[in-house]
Amino acid sequence: MVHAEASTFTDGLTKREVYAQVLEQARTLFEGQRNWVCNLSNTASLLYHALHSLPSPLNMTNWCGFYVLDPKTPNQLILGPFQGHVACQTIAFGKGVCGTAAETKITQLVPDVETFPGHISCDGNSQSEIVVPIIQGGKVVAIIDIDCAVKSGFNSEDQASLEELASILAESCDF
Ligand code: SME
């Protein structure tokens, strides 16, 4: 049984504690459920509420969600479940921060989006961004994308936790 409290995060927890709760809740939510739309939707909610329970800069997260492989066009991502303002519908591999993560299979930690060549500005408020590939059977099947309305929103601690989340998603979802 899924409860709304799964995405309730107490104020005052450390970043480490908050990510630990995200990972634990994600594992619980995915028990007996492998549908990617369902699991990525609940994960977008978990991440959005988790990050907003933390002090600045993470409470300045303005977009968090997913792009998945576009089933109709090779080497293209298409918008998946997210929280935030409406966003670009498709992104080619190699384009922008998302397409770079998809093409290289490497997390893109971008402290200042203005310095990232080819950054795609979906939401003009975004100033920093992290994109983590979700890899299944050696192939990128989706990416996690989080934008922050201030510079240097994310660091290596976010990267490590989000990479762990990506690996749980890869194991737990049928894409
Ligand atoms: N900034 C991303 C585009 C997606 S939005 O941030 C939601 C990029 O450069 O790929």
Side-chain angles (χ1 to χ4, degrees), residues 7 15 18-19 22 26 36-54 56-136 139-170 173 175:
S7 57
K15 192 196 266 201
V18 166
Y19 275 119
V22 168
W36 70 263
V37 177
C38 177
N39 288 346
L40 296 189
S41 300
N42 271 335
T43 306
S45 169
L46 280 179
L47 281 174
Y48 186 85
H49 291 287
L51 297 172
H52 278 262
S53 77
L54 286 164
S56 184
L58 289 174
N59 64 353
M60 299 295 285
T61 297
N62 59 309
W63 200 92
C64 84
F66 299 90
Y67 281 83
V68 298
L69 276 193
D70 187 340
K72 293 200 169 163
T73 308
N75 296 323
Q76 180 165 283
L77 298 167
I78 188 160
L79 185 62
F82 69 95
Q83 306 257 320
H85 288 301
V86 296
C88 318
Q89 294 167 327
T90 58
I91 299 174
F93 273 42
K95 300 286 180 197
V97 186
C98 295
T100 301
E103 189 170 76
T104 60
K105 302 180 184 168
I106 295 170
T107 295
Q108 303 295 306
L109 181 56
V110 184
D112 180 354
V113 295
E114 284 170 28
T115 65
F116 190 95
H119 167 257
I120 301 163
S121 179
C122 290
D123 182 338
N125 287 325
S126 302
Q127 294 201 35
S128 54
E129 181 163 4
I130 185 167
V131 179
V132 179
I134 300 174
I135 300 165
Q136 208 174 50
K139 197 179 147 203
V140 172
V141 288
I143 57 95
I144 305 172
D145 181 16
I146 310 182
D147 288 18
C148 186
V150 295
K151 294 199 196 319
S152 302
F154 310 101
N155 61 23
S156 55
E157 198 182 346
D158 301 284
Q159 178 172 347
S161 297
L162 293 169
E163 286 177 349
E164 195 172 343
L165 179 63
S167 130
I168 294 170
L169 284 162
C173 302
F175 285 93

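Each ligand, and each atom within it, is numbered from 1 in the order the structure gives. None of these values were measured; they are calculated from a predicted model.
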Identity and distance of the protein heavy atom lying nearest atom 6 (O) of ligand 1: D147 OD2, 2.8 Å

Under the side chain to side chain contact (heavy atoms under 4.5 Å, CB included) criterion, do Q159 and V132 qualify, and how do the steps go? CA-CA 8 Å; Q159 178 172 347; V132 179; 5.6 Å; no

Considering only protein heavy atoms, which is closest to atom 3 (C) of ligand 1, and at what distance to one decimal place? I120 O, 3.5 Å

Closer than 4.0 Å to some heavy atom of G96 - which atoms of ligand 1 meet that? 9 (O), 10 (O)

In terms of atom number and element, which parts of ligand 1 are under 4.0 angstrom from non-hydrogen atoms of H119? 1 (N), 9 (O)

Within a distance under 4.0 Å of any heavy atom of W63, pick out the atoms of ligand 1 and give their elements. 7 (C)

Determine whether the side chain, the backbone, both or neither of V97 has a heavy atom under 4.0 Å from any heavy atom of ligand 1. both

Non-hydrogen atom of Y67 closer than 4.0 Å to ligand 1: yes

Identity and separation of the nearest protein heavy atom to atom 2 (C) of ligand 1: E129 OE2, 3.1 Å

Heavy-atom neighbours of K95 NZ exceed 12 at 6.0 Å: no

Salt bridge (charged side-chain N to carboxylate O under 4.0 Å, His left out): which pairs involve residues 159-168, sequence neighbours left out? R27-E164

Looking only at protein heavy atoms, identify the closest one to atom 5 (S) of ligand 1 and say how far it is in Å. C122 SG, 3.4 Å

Return each pair, listed once, that meets disulfide bond (SG atoms under 2.5 Å apart) where at least one residue sits in residues 59-112; pairs must be two or more places apart or across chains. C88-C122

Can a side-chain donor-acceptor contact be found between D123 and N62 if the only test is distance below 3.5 angstrom? yes

I144 side chain near L47 side chain, heavy-atom distance below 4.5 Å: yes

Minimal heavy-atom distance between Y67 and Q89, with the atoms involved, is CE2-O, 4.1 Å

So for ligand 1, is C98 a polar contact partner (N or O within less than 3.5 Å, distance only)? yes

Which of the numbered atoms in ligand 1 are under 4.0 angstrom from any heavy atom belonging to D145? 4 (C), 5 (S), 6 (O), 7 (C)

More than 12 heavy atoms of other groups within 6.0 Å of K151 NZ: yes

